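Because the structure is a prediction, the values reported are computed rather than measured. Numbered from 1 within each chain, the chains take letters A, B, ... in sequence-line order.
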Protein chains: 2
Amino acid sequence: MGKSKTDKPSVPLKRSQGLSIAIPASIVEDTPHLREKTYKIGQIGRASSIFRVEQIIIYSDKTKHNQTKEADLVASILKYMDIPQYLRKMLVKIDPQLSFVGILPPLRSPHHLFSKKQEELKVGMFRQGVIIDSKNGHSLVDIGVGKPVIIEESLTKRQRITVKLTSIGEKLTAVKLDESEIRIYWGFNVTVTKLPLAELTKKIGFDLIISTSKYGDEITEVFPQLKIAWKKSKKALVPFGSPTQGLKEILAKEGLEMLEYSGFTINMIPNQGVETVRSEEAVFSSLSLLNTLG
Amino acid sequence: MGKSKTDKPSVPLKRSQGLSIAIPASIVEDTPHLREKTYKIGQIGRASSIFRVEQIIIYSDKTKHNQTKEADLVASILKYMDIPQYLRKMLVKIDPQLSFVGILPPLRSPHHLFSKKQEELKVGMFRQGVIIDSKNGHSLVDIGVGKPVIIEESLTKRQRITVKLTSIGEKLTAVKLDESEIRIYWGFNVTVTKLPLAELTKKIGFDLIISTSKYGDEITEVFPQLKIAWKKSKKALVPFGSPTQGLKEILAKEGLEMLEYSGFTINMIPNQGVETVRSEEAVFSSLSLLNTLG
(Lines give C-alpha, C1' and ligand atoms only; values in the text may rest on other atoms or scores of the structure.)
Protein backbone atom coordinates (compact mmCIF):
# COMPACT_ATOMS: atom_id res chain seq x y z
CA MET A 1 0.00 0.00 0.00
CA GLY A 2 1.63 3.23 -1.18
CA LYS A 3 5.27 3.99 -0.71
CA SER A 4 6.91 4.53 2.64
CA LYS A 5 8.86 7.75 2.72
CA THR A 6 12.42 7.23 3.83
CA ASP A 7 13.45 10.88 3.84
CA LYS A 8 13.36 12.66 7.17
CA PRO A 9 10.23 14.79 7.56
CA SER A 10 11.01 18.48 7.21
CA VAL A 11 10.79 20.99 10.04
CA PRO A 12 7.13 21.54 11.01
CA LEU A 13 5.66 24.91 10.11
CA LYS A 14 3.21 27.01 12.08
CA ARG A 15 -0.46 26.42 11.41
CA SER A 16 -2.36 28.88 9.28
CA GLN A 17 -5.10 28.85 11.98
CA GLY A 18 -2.83 30.04 14.80
CA LEU A 19 -4.54 27.42 16.92
CA SER A 20 -5.39 28.13 20.59
CA ILE A 21 -6.78 25.77 23.18
CA ALA A 22 -8.52 26.88 26.38
CA ILE A 23 -8.34 24.78 29.53
CA PRO A 24 -9.98 25.47 32.90
CA ALA A 25 -7.92 26.49 35.94
CA SER A 26 -9.31 23.45 37.73
CA ILE A 27 -8.08 20.95 35.15
CA VAL A 28 -6.22 18.89 37.76
CA GLU A 29 -8.55 19.44 40.72
CA ASP A 30 -9.45 15.74 40.85
CA THR A 31 -5.81 14.73 41.19
CA PRO A 32 -4.61 14.85 44.80
CA HIS A 33 -0.83 14.77 44.47
CA LEU A 34 1.39 17.39 42.81
CA ARG A 35 3.32 14.61 41.12
CA GLU A 36 0.35 13.41 39.06
CA LYS A 37 -0.92 16.97 38.62
CA THR A 38 2.45 17.71 37.01
CA TYR A 39 2.19 14.68 34.77
CA LYS A 40 -1.30 15.58 33.57
CA ILE A 41 -0.43 19.19 32.88
CA GLY A 42 2.59 17.80 31.08
CA GLN A 43 0.29 15.84 28.80
CA ILE A 44 -1.47 19.06 27.81
CA GLY A 45 1.94 20.54 27.02
CA ARG A 46 3.01 17.51 25.02
CA ALA A 47 -0.25 17.39 23.04
CA SER A 48 0.02 21.12 22.34
CA SER A 49 3.53 20.71 20.96
CA ILE A 50 2.78 17.58 18.95
CA PHE A 51 -0.20 19.27 17.29
CA ARG A 52 1.39 22.72 16.98
CA VAL A 53 -0.87 24.71 19.27
CA GLU A 54 0.32 28.32 19.53
CA GLN A 55 -1.55 29.47 22.60
CA ILE A 56 -2.80 27.74 25.72
CA ILE A 57 -5.34 29.87 27.56
CA ILE A 58 -6.17 29.08 31.17
CA TYR A 59 -9.63 30.33 31.98
CA SER A 60 -11.61 30.67 35.18
CA ASP A 61 -14.25 27.95 35.40
CA LYS A 62 -15.35 28.73 38.95
CA THR A 63 -15.91 32.44 38.87
CA LYS A 64 -17.15 32.56 42.45
CA HIS A 65 -13.84 31.17 43.73
CA ASN A 66 -10.38 32.62 43.62
CA GLN A 67 -8.56 30.26 41.26
CA THR A 68 -5.25 32.14 41.18
CA LYS A 69 -3.33 29.30 42.78
CA GLU A 70 -4.66 26.57 40.48
CA ALA A 71 -4.18 28.69 37.37
CA ASP A 72 -0.68 29.61 38.43
CA LEU A 73 0.32 25.98 38.86
CA VAL A 74 -0.95 25.01 35.41
CA ALA A 75 0.71 28.05 33.81
CA SER A 76 4.03 27.58 35.60
CA ILE A 77 4.41 23.98 34.50
CA LEU A 78 3.37 24.68 30.90
CA LYS A 79 5.70 27.69 30.64
CA TYR A 80 8.55 25.64 32.08
CA MET A 81 8.02 22.95 29.45
CA ASP A 82 8.16 25.46 26.61
CA ILE A 83 11.56 26.87 27.69
CA PRO A 84 14.47 25.14 25.92
CA GLN A 85 16.46 23.01 28.40
CA TYR A 86 19.62 25.08 27.99
CA LEU A 87 17.84 28.26 29.14
CA ARG A 88 16.03 26.83 32.14
CA LYS A 89 18.83 27.42 34.64
CA MET A 90 18.85 31.10 33.73
CA LEU A 91 15.12 31.64 33.45
CA VAL A 92 13.46 29.44 36.04
CA LYS A 93 13.60 30.34 39.71
CA ILE A 94 13.34 27.71 42.42
CA ASP A 95 9.63 27.10 42.81
CA PRO A 96 7.91 24.40 44.88
CA GLN A 97 5.26 24.16 42.17
CA LEU A 98 7.96 22.79 39.89
CA SER A 99 9.12 20.07 42.30
CA PHE A 100 8.18 17.24 39.94
CA VAL A 101 8.99 18.66 36.51
CA GLY A 102 11.80 16.11 36.34
CA ILE A 103 9.26 13.41 35.47
CA LEU A 104 8.10 15.28 32.36
CA PRO A 105 9.24 14.13 28.94
CA PRO A 106 11.03 16.85 26.98
CA LEU A 107 9.12 18.50 24.14
CA ARG A 108 11.83 18.29 21.46
CA SER A 109 10.06 20.93 19.40
CA PRO A 110 12.11 22.82 16.77
CA HIS A 111 12.86 25.68 19.21
CA HIS A 112 14.29 23.15 21.69
CA LEU A 113 16.52 21.13 19.39
CA PHE A 114 19.93 22.49 19.76
CA SER A 115 23.52 21.57 19.40
CA LYS A 116 25.84 22.82 22.11
CA LYS A 117 28.74 22.84 19.69
CA GLN A 118 29.76 26.18 18.22
CA GLU A 119 31.12 24.46 15.10
CA GLU A 120 27.65 23.21 14.19
CA LEU A 121 26.19 26.71 14.07
CA LYS A 122 25.31 28.11 10.66
CA VAL A 123 24.53 31.63 9.47
CA GLY A 124 20.77 31.99 9.16
CA MET A 125 19.94 29.60 12.03
CA PHE A 126 17.27 30.58 14.55
CA ARG A 127 17.99 30.14 18.24
CA GLN A 128 16.26 31.02 21.46
CA GLY A 129 18.43 32.88 23.93
CA VAL A 130 18.46 35.07 27.01
CA ILE A 131 19.85 38.61 27.32
CA ILE A 132 22.74 38.43 29.78
CA ASP A 133 24.11 41.97 29.37
CA SER A 134 23.14 45.14 27.55
CA LYS A 135 24.86 48.53 27.08
CA ASN A 136 25.61 51.21 24.48
CA GLY A 137 23.10 49.86 22.05
CA HIS A 138 24.48 46.31 22.17
CA SER A 139 23.29 43.21 24.00
CA LEU A 140 24.85 39.84 24.74
CA VAL A 141 22.61 36.86 24.27
CA ASP A 142 23.31 33.43 25.75
CA ILE A 143 22.21 30.85 23.21
CA GLY A 144 23.78 27.94 25.07
CA VAL A 145 26.97 27.41 23.06
CA GLY A 146 29.42 28.68 25.66
CA LYS A 147 30.01 31.97 23.87
CA PRO A 148 27.42 34.77 23.78
CA VAL A 149 25.97 36.25 20.61
CA ILE A 150 26.10 40.02 20.04
CA ILE A 151 23.03 41.87 18.80
CA GLU A 152 22.91 45.58 18.01
CA GLU A 153 19.97 46.45 20.17
CA SER A 154 19.47 47.42 23.80
CA LEU A 155 17.25 44.95 25.56
CA THR A 156 16.18 44.17 29.11
CA LYS A 157 18.34 41.65 30.93
CA ARG A 158 16.94 38.15 31.41
CA GLN A 159 14.52 38.66 28.54
CA ARG A 160 13.99 35.56 26.37
CA ILE A 161 14.20 36.23 22.66
CA THR A 162 14.77 34.47 19.35
CA VAL A 163 17.76 35.47 17.26
CA LYS A 164 18.87 34.74 13.72
CA LEU A 165 22.63 34.24 13.39
CA THR A 166 24.28 36.68 10.99
CA SER A 167 27.96 35.74 11.41
CA ILE A 168 29.77 32.88 13.12
CA GLY A 169 33.44 33.86 12.94
CA GLU A 170 35.58 35.05 15.88
CA LYS A 171 32.52 36.86 17.12
CA LEU A 172 29.00 35.49 16.96
CA THR A 173 26.53 38.12 15.77
CA ALA A 174 22.79 37.96 15.29
CA VAL A 175 19.60 39.98 14.90
CA LYS A 176 16.54 39.73 17.11
CA LEU A 177 13.54 38.21 15.39
CA ASP A 178 9.92 38.96 15.96
CA GLU A 179 7.94 35.73 16.56
CA SER A 180 5.66 36.61 13.67
CA GLU A 181 8.61 36.43 11.26
CA ILE A 182 9.23 32.80 12.14
CA ARG A 183 7.42 30.32 9.90
CA ILE A 184 8.61 27.24 11.81
CA TYR A 185 6.43 26.01 14.72
CA TRP A 186 8.04 27.84 17.58
CA GLY A 187 6.35 26.55 20.72
CA PHE A 188 3.30 27.78 22.60
CA ASN A 189 2.44 30.84 24.66
CA VAL A 190 0.60 30.48 27.93
CA THR A 191 -2.08 33.03 28.78
CA VAL A 192 -3.74 33.15 32.19
CA THR A 193 -6.99 35.01 32.59
CA LYS A 194 -9.46 35.51 35.41
CA LEU A 195 -12.23 35.77 32.86
CA PRO A 196 -14.78 33.04 32.34
CA LEU A 197 -14.67 31.18 29.04
CA ALA A 198 -17.17 33.03 26.85
CA GLU A 199 -16.05 36.44 28.03
CA LEU A 200 -12.38 35.78 27.32
CA THR A 201 -13.24 34.24 23.95
CA LYS A 202 -15.04 37.44 22.99
CA LYS A 203 -12.23 39.62 24.29
CA ILE A 204 -9.44 37.81 22.42
CA GLY A 205 -11.53 37.30 19.31
CA PHE A 206 -11.60 34.06 17.30
CA ASP A 207 -13.07 33.39 13.88
CA LEU A 208 -13.71 29.71 14.64
CA ILE A 209 -14.66 27.96 17.89
CA ILE A 210 -14.81 24.17 17.96
CA SER A 211 -16.28 22.73 21.13
CA THR A 212 -16.22 19.07 22.03
CA SER A 213 -19.09 17.21 23.65
CA LYS A 214 -20.34 13.66 23.60
CA TYR A 215 -23.76 15.14 22.86
CA GLY A 216 -22.46 17.07 19.83
CA ASP A 217 -22.58 16.21 16.12
CA GLU A 218 -20.48 13.21 15.23
CA ILE A 219 -17.14 14.25 13.79
CA THR A 220 -17.70 12.02 10.74
CA GLU A 221 -20.96 13.84 9.93
CA VAL A 222 -19.57 17.39 10.06
CA PHE A 223 -16.08 16.68 8.69
CA PRO A 224 -16.62 18.37 5.28
CA GLN A 225 -18.11 21.60 6.70
CA LEU A 226 -15.52 21.63 9.46
CA LYS A 227 -12.70 21.32 6.94
CA ILE A 228 -13.94 24.35 5.00
CA ALA A 229 -14.25 26.45 8.16
CA TRP A 230 -10.83 25.26 9.39
CA LYS A 231 -9.09 26.17 6.14
CA LYS A 232 -10.69 29.63 6.16
CA SER A 233 -9.86 30.33 9.81
CA LYS A 234 -7.02 32.61 10.83
CA LYS A 235 -7.56 32.22 14.56
CA ALA A 236 -9.22 29.11 15.90
CA LEU A 237 -10.05 28.06 19.45
CA VAL A 238 -10.74 24.63 20.89
CA PRO A 239 -11.98 24.91 24.50
CA PHE A 240 -12.07 22.02 26.96
CA GLY A 241 -14.05 21.41 30.15
CA SER A 242 -12.95 20.42 33.64
CA PRO A 243 -12.95 17.09 35.52
CA THR A 244 -16.27 17.96 37.17
CA GLN A 245 -17.99 20.15 34.58
CA GLY A 246 -18.39 19.81 30.83
CA LEU A 247 -18.35 22.85 28.57
CA LYS A 248 -22.12 22.83 28.62
CA GLU A 249 -22.27 23.46 32.39
CA ILE A 250 -19.39 25.94 32.29
CA LEU A 251 -21.08 28.01 29.58
CA ALA A 252 -24.47 27.77 31.29
CA LYS A 253 -23.06 29.81 34.19
CA GLU A 254 -22.49 32.62 31.71
CA GLY A 255 -26.05 32.16 30.47
CA LEU A 256 -24.96 30.59 27.18
CA GLU A 257 -25.89 27.45 25.26
CA MET A 258 -23.18 25.47 23.46
CA LEU A 259 -24.74 26.33 20.10
CA GLU A 260 -24.69 30.07 20.80
CA TYR A 261 -21.07 29.90 21.80
CA SER A 262 -19.46 27.58 19.23
CA GLY A 263 -19.48 27.35 15.47
CA PHE A 264 -19.18 23.60 15.89
CA THR A 265 -20.07 21.32 18.79
CA ILE A 266 -18.58 17.98 17.97
CA ASN A 267 -18.53 14.50 19.42
CA MET A 268 -14.90 13.66 18.68
CA ILE A 269 -15.16 10.11 20.03
CA PRO A 270 -18.18 8.38 18.51
CA ASN A 271 -19.29 5.39 20.62
CA GLN A 272 -16.81 5.97 23.41
CA GLY A 273 -16.24 2.82 25.45
CA VAL A 274 -16.15 4.63 28.81
CA GLU A 275 -18.63 6.89 30.57
CA THR A 276 -16.30 9.88 30.91
CA VAL A 277 -13.35 11.00 28.82
CA ARG A 278 -10.85 13.05 30.81
CA SER A 279 -9.80 16.53 29.70
CA GLU A 280 -6.22 15.55 28.87
CA GLU A 281 -7.51 12.58 26.86
CA ALA A 282 -9.99 14.79 25.04
CA VAL A 283 -7.16 17.18 24.15
CA PHE A 284 -5.15 14.37 22.49
CA SER A 285 -8.10 12.83 20.70
CA SER A 286 -9.55 16.11 19.43
CA LEU A 287 -6.27 17.62 18.28
CA SER A 288 -5.34 14.39 16.51
CA LEU A 289 -8.53 14.64 14.45
CA LEU A 290 -8.29 18.39 13.80
CA ASN A 291 -4.67 17.95 12.71
CA THR A 292 -5.81 15.90 9.73
CA LEU A 293 -7.87 18.87 8.46
CA GLY A 294 -4.59 20.47 7.36
CA MET B 1 -24.23 24.08 12.98
CA GLY B 2 -26.43 20.99 13.20
CA LYS B 3 -28.35 20.01 16.26
CA SER B 4 -26.81 19.05 19.54
CA LYS B 5 -28.12 15.75 20.76
CA THR B 6 -29.51 15.97 24.24
CA ASP B 7 -30.33 12.30 24.68
CA LYS B 8 -27.80 10.20 26.52
CA PRO B 9 -25.58 8.19 24.16
CA SER B 10 -26.50 4.52 24.20
CA VAL B 11 -24.29 1.77 25.58
CA PRO B 12 -21.24 1.31 23.31
CA LEU B 13 -21.18 -1.89 21.28
CA LYS B 14 -18.21 -4.06 20.41
CA ARG B 15 -16.36 -3.21 17.21
CA SER B 16 -16.92 -5.37 14.16
CA GLN B 17 -13.10 -5.48 13.74
CA GLY B 18 -12.41 -7.05 17.15
CA LEU B 19 -9.57 -4.57 17.41
CA SER B 20 -6.24 -5.59 18.98
CA ILE B 21 -3.25 -3.43 19.75
CA ALA B 22 0.28 -4.76 20.32
CA ILE B 23 2.71 -3.00 22.63
CA PRO B 24 6.30 -3.95 23.41
CA ALA B 25 7.31 -5.36 26.82
CA SER B 26 9.72 -2.43 27.14
CA ILE B 27 7.04 0.24 26.72
CA VAL B 28 7.99 1.96 30.01
CA GLU B 29 11.72 1.23 30.00
CA ASP B 30 12.57 4.94 29.75
CA THR B 31 10.57 5.74 32.87
CA PRO B 32 12.60 5.20 36.05
CA HIS B 33 9.96 5.14 38.77
CA LEU B 34 7.15 2.60 39.19
CA ARG B 35 4.76 5.44 39.90
CA GLU B 36 5.11 6.98 36.44
CA LYS B 37 5.40 3.54 34.82
CA THR B 38 1.99 2.81 36.35
CA TYR B 39 0.57 6.06 35.03
CA LYS B 40 1.79 5.43 31.49
CA ILE B 41 0.55 1.86 31.38
CA GLY B 42 -2.70 3.29 32.73
CA GLN B 43 -2.91 5.57 29.72
CA ILE B 44 -2.72 2.55 27.41
CA GLY B 45 -5.55 0.98 29.42
CA ARG B 46 -7.62 4.16 29.28
CA ALA B 47 -7.09 4.61 25.53
CA SER B 48 -7.98 0.97 24.93
CA SER B 49 -11.24 1.33 26.83
CA ILE B 50 -12.17 4.68 25.31
CA PHE B 51 -11.66 3.30 21.79
CA ARG B 52 -13.07 -0.17 22.48
CA VAL B 53 -9.95 -2.27 21.99
CA GLU B 54 -10.68 -5.95 22.71
CA GLN B 55 -7.18 -7.31 23.08
CA ILE B 56 -3.89 -5.81 24.23
CA ILE B 57 -0.95 -8.01 23.22
CA ILE B 58 2.39 -7.53 24.93
CA TYR B 59 5.16 -8.69 22.62
CA SER B 60 8.87 -9.25 23.06
CA ASP B 61 10.83 -6.45 21.41
CA LYS B 62 14.23 -7.54 22.70
CA THR B 63 14.34 -11.19 21.86
CA LYS B 64 17.88 -11.60 23.14
CA HIS B 65 16.84 -10.51 26.63
CA ASN B 66 14.50 -12.08 29.10
CA GLN B 67 11.65 -9.59 29.25
CA THR B 68 9.42 -11.60 31.59
CA LYS B 69 9.57 -9.03 34.36
CA GLU B 70 8.76 -6.02 32.16
CA ALA B 71 5.95 -7.85 30.35
CA ASP B 72 4.52 -9.03 33.64
CA LEU B 73 4.38 -5.50 35.05
CA VAL B 74 2.56 -4.15 32.00
CA ALA B 75 0.14 -7.08 31.97
CA SER B 76 -0.56 -6.96 35.72
CA ILE B 77 -1.47 -3.27 35.66
CA LEU B 78 -3.64 -3.58 32.55
CA LYS B 79 -5.45 -6.65 33.89
CA TYR B 80 -6.04 -4.88 37.20
CA MET B 81 -7.62 -1.93 35.40
CA ASP B 82 -10.03 -4.16 33.50
CA ILE B 83 -11.39 -5.82 36.65
CA PRO B 84 -14.53 -4.09 37.98
CA GLN B 85 -13.78 -2.30 41.27
CA TYR B 86 -16.18 -4.48 43.26
CA LEU B 87 -14.31 -7.67 42.28
CA ARG B 88 -10.77 -6.47 42.91
CA LYS B 89 -10.63 -7.42 46.58
CA MET B 90 -11.50 -10.98 45.68
CA LEU B 91 -9.40 -11.33 42.56
CA VAL B 92 -6.25 -9.30 43.11
CA LYS B 93 -3.54 -10.57 45.44
CA ILE B 94 -1.16 -8.20 47.18
CA ASP B 95 1.51 -7.43 44.61
CA PRO B 96 4.32 -4.87 44.86
CA GLN B 97 3.91 -4.23 41.12
CA LEU B 98 0.50 -2.79 41.92
CA SER B 99 1.75 -0.37 44.60
CA PHE B 100 0.65 2.71 42.66
CA VAL B 101 -2.58 1.60 40.99
CA GLY B 102 -4.37 4.02 43.31
CA ILE B 103 -3.32 6.90 41.05
CA LEU B 104 -5.08 5.41 38.04
CA PRO B 105 -8.40 6.83 36.91
CA PRO B 106 -11.17 4.23 36.78
CA LEU B 107 -12.23 2.98 33.35
CA ARG B 108 -16.00 3.29 33.82
CA SER B 109 -16.60 0.96 30.89
CA PRO B 110 -19.99 -0.76 30.63
CA HIS B 111 -18.72 -3.89 32.46
CA HIS B 112 -17.60 -1.69 35.39
CA LEU B 113 -20.68 0.45 35.88
CA PHE B 114 -22.60 -1.09 38.62
CA SER B 115 -25.10 -0.34 41.25
CA LYS B 116 -24.53 -1.96 44.63
CA LYS B 117 -28.23 -1.91 45.35
CA GLN B 118 -30.16 -5.14 44.91
CA GLU B 119 -33.33 -3.18 44.21
CA GLU B 120 -31.83 -1.70 41.06
CA LEU B 121 -31.15 -5.09 39.51
CA LYS B 122 -33.30 -6.09 36.56
CA VAL B 123 -33.89 -9.42 34.85
CA GLY B 124 -31.76 -9.57 31.72
CA MET B 125 -28.92 -7.44 33.10
CA PHE B 126 -25.33 -8.54 32.49
CA ARG B 127 -22.90 -8.51 35.41
CA GLN B 128 -19.35 -9.60 35.99
CA GLY B 129 -18.88 -11.78 39.03
CA VAL B 130 -16.63 -14.27 40.77
CA ILE B 131 -17.43 -17.88 41.68
CA ILE B 132 -17.34 -18.10 45.47
CA ASP B 133 -18.68 -21.63 45.90
CA SER B 134 -19.62 -24.56 43.71
CA LYS B 135 -21.20 -27.96 44.42
CA ASN B 136 -23.84 -30.42 43.13
CA GLY B 137 -24.04 -28.71 39.77
CA HIS B 138 -24.69 -25.26 41.27
CA SER B 139 -22.37 -22.29 41.80
CA LEU B 140 -22.64 -19.12 43.82
CA VAL B 141 -21.43 -15.97 42.10
CA ASP B 142 -20.60 -12.75 43.90
CA ILE B 143 -21.75 -9.86 41.72
CA GLY B 144 -21.17 -7.22 44.37
CA VAL B 145 -24.71 -6.68 45.64
CA GLY B 146 -24.29 -8.32 49.04
CA LYS B 147 -26.21 -11.46 48.06
CA PRO B 148 -24.77 -14.10 45.72
CA VAL B 149 -26.38 -15.19 42.47
CA ILE B 150 -27.07 -18.88 41.82
CA ILE B 151 -26.17 -20.45 38.50
CA GLU B 152 -26.89 -24.06 37.54
CA GLU B 153 -23.39 -24.98 36.53
CA SER B 154 -20.30 -26.28 38.33
CA LEU B 155 -17.42 -23.87 37.94
CA THR B 156 -13.96 -23.39 39.41
CA LYS B 157 -13.81 -21.19 42.49
CA ARG B 158 -12.40 -17.69 42.05
CA GLN B 159 -13.13 -17.79 38.33
CA ARG B 160 -14.35 -14.48 36.86
CA ILE B 161 -17.38 -14.80 34.63
CA THR B 162 -20.20 -12.75 33.17
CA VAL B 163 -23.76 -13.68 34.08
CA LYS B 164 -27.18 -12.67 32.83
CA LEU B 165 -29.78 -12.31 35.57
CA THR B 166 -32.79 -14.59 35.11
CA SER B 167 -34.73 -13.88 38.31
CA ILE B 168 -34.44 -11.31 41.08
CA GLY B 169 -36.93 -12.46 43.70
CA GLU B 170 -36.05 -13.99 47.07
CA LYS B 171 -33.23 -15.78 45.30
CA LEU B 172 -31.09 -14.21 42.61
CA THR B 173 -30.56 -16.58 39.69
CA ALA B 174 -28.57 -16.21 36.52
CA VAL B 175 -26.94 -18.01 33.60
CA LYS B 176 -23.30 -17.83 32.61
CA LEU B 177 -22.68 -16.00 29.37
CA ASP B 178 -19.98 -16.62 26.84
CA GLU B 179 -18.12 -13.37 26.03
CA SER B 180 -18.94 -13.85 22.35
CA GLU B 181 -22.67 -13.60 23.14
CA ILE B 182 -22.23 -10.10 24.54
CA ARG B 183 -22.68 -7.34 22.00
CA ILE B 184 -21.83 -4.50 24.41
CA TYR B 185 -18.15 -3.46 24.65
CA TRP B 186 -17.04 -5.64 27.52
CA GLY B 187 -13.48 -4.59 28.31
CA PHE B 188 -10.15 -5.84 26.99
CA ASN B 189 -8.16 -9.05 27.33
CA VAL B 190 -4.45 -8.93 27.99
CA THR B 191 -2.21 -11.43 26.20
CA VAL B 192 1.46 -11.80 27.04
CA THR B 193 3.74 -13.54 24.60
CA LYS B 194 7.45 -14.19 24.41
CA LEU B 195 7.21 -14.08 20.64
CA PRO B 196 8.55 -11.18 18.61
CA LEU B 197 6.02 -9.00 16.79
CA ALA B 198 5.83 -10.53 13.30
CA GLU B 199 5.87 -14.08 14.57
CA LEU B 200 3.04 -13.52 17.03
CA THR B 201 1.05 -11.63 14.42
CA LYS B 202 1.28 -14.62 12.12
CA LYS B 203 0.42 -17.05 14.90
CA ILE B 204 -2.71 -15.20 16.05
CA GLY B 205 -3.77 -14.30 12.51
CA PHE B 206 -5.12 -10.88 11.55
CA ASP B 207 -6.80 -9.81 8.33
CA LEU B 208 -5.64 -6.19 8.68
CA ILE B 209 -2.46 -4.72 10.14
CA ILE B 210 -2.14 -0.96 10.44
CA SER B 211 1.32 0.25 11.44
CA THR B 212 2.14 3.79 12.39
CA SER B 213 5.30 5.62 11.36
CA LYS B 214 6.20 9.21 10.71
CA TYR B 215 7.73 7.97 7.45
CA GLY B 216 4.49 6.28 6.37
CA ASP B 217 1.74 7.50 4.05
CA GLU B 218 -0.15 10.47 5.40
CA ILE B 219 -3.44 9.43 6.98
CA THR B 220 -5.32 11.98 4.86
CA GLU B 221 -3.99 10.38 1.65
CA VAL B 222 -4.94 6.79 2.47
CA PHE B 223 -8.15 7.47 4.37
CA PRO B 224 -10.53 6.15 1.65
CA GLN B 225 -8.64 2.86 1.07
CA LEU B 226 -8.15 2.44 4.81
CA LYS B 227 -11.85 2.87 5.44
CA ILE B 228 -12.71 0.11 2.97
CA ALA B 229 -10.16 -2.29 4.50
CA TRP B 230 -11.33 -1.40 8.02
CA LYS B 231 -14.99 -2.05 7.26
CA LYS B 232 -14.12 -5.42 5.69
CA SER B 233 -11.86 -6.52 8.54
CA LYS B 234 -12.98 -9.02 11.15
CA LYS B 235 -9.73 -8.97 13.14
CA ALA B 236 -7.49 -5.92 12.98
CA LEU B 237 -4.17 -5.19 14.67
CA VAL B 238 -2.47 -1.89 15.38
CA PRO B 239 1.10 -2.46 16.64
CA PHE B 240 3.20 0.18 18.40
CA GLY B 241 6.95 0.57 18.93
CA SER B 242 9.00 1.16 22.06
CA PRO B 243 10.60 4.28 23.57
CA THR B 244 13.93 3.42 21.94
CA GLN B 245 12.91 1.58 18.78
CA GLY B 246 10.29 2.30 16.15
CA LEU B 247 8.36 -0.51 14.48
CA LYS B 248 10.79 -0.33 11.59
CA GLU B 249 13.77 -1.32 13.77
CA ILE B 250 11.76 -3.89 15.70
CA LEU B 251 10.64 -5.62 12.49
CA ALA B 252 14.12 -5.39 10.95
CA LYS B 253 15.38 -7.75 13.66
CA GLU B 254 12.95 -10.33 12.28
CA GLY B 255 14.27 -9.59 8.78
CA LEU B 256 11.12 -7.76 7.73
CA GLU B 257 10.36 -4.41 6.11
CA MET B 258 7.35 -2.38 7.28
CA LEU B 259 5.70 -2.85 3.89
CA GLU B 260 6.03 -6.62 3.99
CA TYR B 261 4.53 -6.72 7.45
CA SER B 262 1.64 -4.25 7.30
CA GLY B 263 -1.25 -3.67 4.95
CA PHE B 264 -0.95 0.02 5.81
CA THR B 265 1.97 2.03 7.16
CA ILE B 266 0.54 5.38 8.12
CA ASN B 267 1.80 8.69 9.41
CA MET B 268 -1.05 9.42 11.83
CA ILE B 269 0.33 12.84 12.83
CA PRO B 270 1.15 14.84 9.70
CA ASN B 271 3.62 17.66 10.46
CA GLN B 272 4.18 16.68 14.08
CA GLY B 273 5.57 19.61 16.08
CA VAL B 274 8.01 17.47 18.09
CA GLU B 275 10.82 15.16 17.05
CA THR B 276 9.48 12.05 18.78
CA VAL B 277 5.95 11.01 19.64
CA ARG B 278 5.82 8.66 22.61
CA SER B 279 4.14 5.26 22.39
CA GLU B 280 1.27 6.15 24.74
CA GLU B 281 0.67 9.37 22.77
CA ALA B 282 0.73 7.45 19.49
CA VAL B 283 -1.86 5.04 20.90
CA PHE B 284 -4.28 7.90 21.69
CA SER B 285 -3.73 9.75 18.42
CA SER B 286 -3.95 6.67 16.20
CA LEU B 287 -6.98 5.12 17.87
CA SER B 288 -8.78 8.48 17.79
CA LEU B 289 -8.38 8.57 14.02
CA LEU B 290 -9.20 4.91 13.42
CA ASN B 291 -12.31 5.28 15.60
CA THR B 292 -13.80 7.67 13.04
CA LEU B 293 -13.62 4.93 10.37
CA GLY B 294 -16.62 3.31 12.06
Under 4.5 Å from a heavy atom of chain B, the part of A:T220 involved: side chain
Parallel, tilted or perpendicular: ring planes of B:Y185 versus B:H111, cut at 30 and 60 degrees: perpendicular
Electrostatic pair A:K14-A:E54, nearest N-O below 4.0 angstrom: no
Sidechain-backbone polar pair: B:K231 side chain, B:S16 backbone, donor-acceptor under 3.5 Å: no
Chain A contact via B:R278 - side chain, backbone, both or neither, heavy atoms under 4.5 Å: both
Contact class of B:I219 relative to chain A, heavy atoms under 4.5 angstrom: side chain
Under 4.5 Å from any heavy atom of chain B - which part of A:I269: both
Option in B:L13, B:V277, B:L293 with maximal non-hydrogen atom pairs under 4.5 Å from chain A: B:V277
Sub-6.0 Å ring centroid separation between B:F100 and B:H33: yes
Between CD1 on residue A:I57 and CD1 on residue A:I23, distance to nearest 0.5 Å: 10.0 Å
Short side-chain to backbone donor-acceptor contact, A:E260 and A:E257, under 3.5 Å: yes
Residue-level interface, residues 284-292 of chain A with chain B, non-hydrogen cut-off under 4.5 Å: A:F284, A:S285, A:S288, A:L289, A:N291, A:T292
A:F126 and A:W186 aromatic ring geometry - parallel, tilted or perpendicular at 30°/60° bounds: perpendicular
Heavy-atom contact with chain A under 4.5 Å, split by part of B:E280: side chain
Cationic N near anionic O, under 4.0 Å, B:R35 to A:E36: yes
Main-chain N/O of B:V28 paired with B:K37 side-chain donor or acceptor, under 3.5 Å: yes
